Amino acid sequence: MNFVKRAALSLVARRAKTALLLGIFLVICTLLLGGFLLQGATSRQEAEAQRRIGVDVTVRGDRLTLATAAALGSSPLVERYNPLLRGAAKPSGLTPLTSDVPEPDDATDDPGHNGLMLNGIRDSEMLLDFASGRSRIVAGRALTENDAGRRVVLLERRLADKNELKAGDTVGLRSSDGRRTETFEIIGLYEDPRPDPSQWVAPSELIANQVYAPAPAVSALGFGTKPSTAVFKIGSPERAERLHAEAARVLGGDGFRFDVNDKAFRDQVLPLRRVGAFAGSLLWLIALSGAVILGLIVLLTIKERRDELGMLLALGEKKWKLIAQHTVEVTALLLPALAVAALGAQSFAEEAGETLLAREEHTASLPEVRMEAADLGRVAGIGLGISLVATVVPGVGILRLHPRSILTDTE
């Protein structure tokens with residue numbers, strides 16, 4: 001009789017011990033699979049947070065120009081960037097909104113303050129108000145980097161309503177000195193729900209009079225090439241130091257200000273990393289403890305079955321086949337345990353994730369837990385490794401057995 005058939009008969013004959021081993025394997029597989037699912041979920045959530053939030057680096061300096069901002073933005077460390085070139089523009093055939101508060105006697109007479117504030121940017125979605133969701137596009141589309149060579153603008157909805165404008169219409173804008181006039185197409189309307197200030201402000205400072213256009217178009221209108229700031233989005237805080245060195249090379253020396261704003265990134269990512277680290281530690285602990293527990297059970301089983309082993313050795317059975325029989329007995333329980341674990345591991349991972357993330361202040365939602373074939377494959381591989389360690393190591397004792405001494409002790 002071959003050792004595989006003997007292993008099957010032994011599992012059937014020793015139902016209690018088989019059930020015990022199956023239960024242990026079920027717990028091990030469930031915890032392992034749950035750990036892998038939780039680790040995978042946090043990794044996906046962290047990647048999504050890096051893509052969606054990232055880290056904002058704001059650069060200011062006298063040597064900052066649209067060209068140097070573009071040079072720094074082309075660095076592989078930078079995912080997106082947005083310069084901000086501002087200037088008070090005079091509308092042509094467009095009436096700005098005015099404050100409802102009476103104008104004080106000492107108000108400035110600068111004619112530029114009575115127009116619109118033209119903001120030259122590259123990507124409107126990178127602006128804090130749009131990124132946070134406070135401002136949103138209500139008609140048309142957002143301003144993107146593909147609009148760099150076009151004469152297009154974003155208008156606030158209240159300004160468009162007052163002048164009976166809509167997306168697709170055109171407006172004229174003049175430089176503050178009135179020497180240059182350009183025609184711009186309205187590609188989108190946005191809405192900013194913030195109320196006007198309770199004190200009087202010049203029309204160019206009102207929220208509804210903030211107009212966004214591509215930075216090159218604003219520069220061509222006579223507002224220079226030096227943005228007040230440039231914001232660069234990088235994937236993680238670890239890249240900030242390298243980007244600072246790159247900025248020093250591009251801008252020359254240290255005559256610039258380099259501010260890193262990674263609070264939102266850390267608030268979202270660090271709790272996920274802690275959960276992922278816990279899941280990784282849990283995997284190691286389960287694998288080691290599972291191998292130890294199964295190894296002790298197999299060791300006790302070998303001692304209980306000395307008579308059986310002595311008879312088989314006396315009949316000429318090879319010692320390695322006896323070790324292989326015990327390995328097959330333990331390994332055969334891996335597949336049913338893994339199948340049952342696949343049904344409950346996802347619920348375990350979700351509950352564990354909710355419990356761990358409930359302790360964090362800034363992570364409100366549980367990462368998506370999704371089971372994949374690779375997770376089952378990893379658990380099966382670890383389970384097989386545990387089976388081999390738990391049977392081969394105690395099985396070394398079989399190599400020292402001699403049938404004559406065993407049978408003599410029995411008699």
Side-chain angles (χ1 to χ4, degrees), residues 52 56 80 82-103 107 111-176 181-221 223 227-229 231 233 264:
R52 179 173 52 87
D56 288 341
R80 301 161 70 185
N82 207 29
L84 178 59
L85 182 65
R86 305 189 75 198
K90 293 182 177 181
S92 177
L94 185 67
T95 304
L97 276 75
T98 56
S99 177
D100 295 332
V101 181
E103 182 178 350
H113 287 282
N114 296 321
L116 304 173
M117 182 57 69
L118 189 57
N119 300 274
I121 59 173
R122 187 170 184 266
D123 186 350
S124 61
E125 294 300 323
M126 278 193 66
L127 296 171
L128 180 60
D129 290 340
F130 286 91
S132 63
R134 181 166 56 187
S135 296
R136 60 187 183 92
I137 301 295
V138 295
R141 63 174 179 84
L143 195 65
T144 69
E145 59 185 65
N146 297 325
D147 297 315
R150 304 180 61 194
R151 297 289 190 270
V152 292
V153 292
L154 281 179
L155 293 187
E156 213 279 336
R157 179 187 55 79
R158 288 169 288 178
L159 179 63
D161 289 345
K162 179 174 182 178
N163 292 273
E164 298 182 352
L165 296 171
K166 62 183 183 300
D169 293 343
T170 58
V171 296
L173 295 175
R174 291 180 295 169
S175 59
S176 57
T181 302
E182 296 285 350
T183 300
F184 290 77
E185 177 190 355
I186 303 173
I187 62 166
L189 303 179
Y190 72 94
E191 184 178 55
D192 191 324
R194 289 178 294 175
D196 291 334
S198 57
Q199 298 179 344
W200 183 89
V201 295
S204 61
E205 299 300 324
L206 287 175
I207 297 171
N209 290 333
Q210 302 299 307
V211 179
Y212 297 97
V218 175
S219 177
L221 197 56
F223 292 101
S228 57
T229 62
V231 178
K233 187 175 290 294

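In what follows, residues are counted from 1 in the order of the sequence shown. This is a predicted model, so every value here is computed, not measured.
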Q: Of all the heavy-atom pairs spanning Pro214 and Arg150, show the shortest one and how long it is.
A: CG-O, 3.6 Å

Q: With a 4.0 Å cut-off, would you call Asp123 and Lys233 a salt bridge?
A: no

Q: When rounded to the nearest 0.5 angstrom, what is the spacing between CG in Leu85 and OG1 in Thr229?
A: 10.0 Å

Q: Are the side chains of Val171 and Pro91 in contact, using a 4.5 Å heavy-atom criterion?
A: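 With C-beta onward as the side chain, the pair stays apart.
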
Q: With sequence neighbours excluded, give me every side-chain hydrogen bond (donor to acceptor under 3.5 Å, both in side chains) pair touching residues 92-101.
A: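 The answer is none; no pair qualifies.
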
Q: Of Arg136, Arg134, Arg158, which is the lone residue that meets side chain to side chain donor-acceptor pair (under 3.5 Å) with Glu191?
A: Arg136

Q: I want to check something: taking the side chain as every heavy atom from C-beta on, are Leu173 and Thr181 in contact at a cut-off of under 4.5 Å?
A: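 Contact flag for Leu173/Thr181 side chains = no.
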
Q: Which distance, rounded to the nearest 0.5 Å, do you find between the CE of Met126 and the CD1 of Ile121?
A: 10.0 Å

Q: Leu165 and Leu189: which non-hydrogen atoms are nearest, and at how many Å?
A: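 The answer is O-CD1, 4.4 Å.
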
Q: Ignoring hydrogens, what is the shortest heavy-atom contact between Ile207 and Tyr190? Give both atom names and the distance.
A: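 Minimum heavy-atom contact is O-OH, 3.7 Å.
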
Q: How about Leu159 and Leu206: do any of their side-chain heavy atoms sit closer than 4.5 Å?
A: no

Q: Just wondering, do Lys162 and Glu156 contact through their side chains at under 4.5 Å, heavy atoms?
A: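 Glu156 vs Lys162: side chains apart.
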
Q: If you take all heavy atoms of Pro203 and Leu97, which pair is closest and at what distance?
A: CB-O, 3.6 Å

Q: Taking all heavy atoms of Gln210 and all of Asn119, pick out the closest pair and write down the distance.
A: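 Scanning both residues completely, I find the closest heavy atoms to be OE1-ND2, 3.3 Å.
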
Q: CG/Leu94 to CG/Leu155 distance, rounded to the nearest 0.5 angstrom?
A: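 That separation rounds to 7.0 Å.
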
Q: Just wondering, do Leu127 and Ser135 contact through their side chains at under 4.5 Å, heavy atoms?
A: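 No, too far: nothing below the 4.5 Å cut-off.
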
Q: Rounded to the nearest 0.5 Å, what separation is found between the CG atom of Leu118 and the OG atom of Ser204?
A: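 Leu118 atom CG to Ser204 atom OG measures 11.5 Å (nearest 0.5 Å).
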
Q: Hey, could you give me the CZ/OH distance between Arg86 and Tyr212, rounded to the nearest 0.5 Å?
A: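 Between atom CZ of Arg86 and atom OH of Tyr212 there are 7.5 Å.
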
Q: Determine the minimum heavy-atom distance between Ser175 and Leu221, stating which atoms define it.
A: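 Answer, listing the atom of Ser175 first, then Leu221: CB-O, 3.0 Å.
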
Q: State the CG-CZ distance between Leu143 and Arg122, to the nearest 0.5 angstrom.
A: 10.5 Å

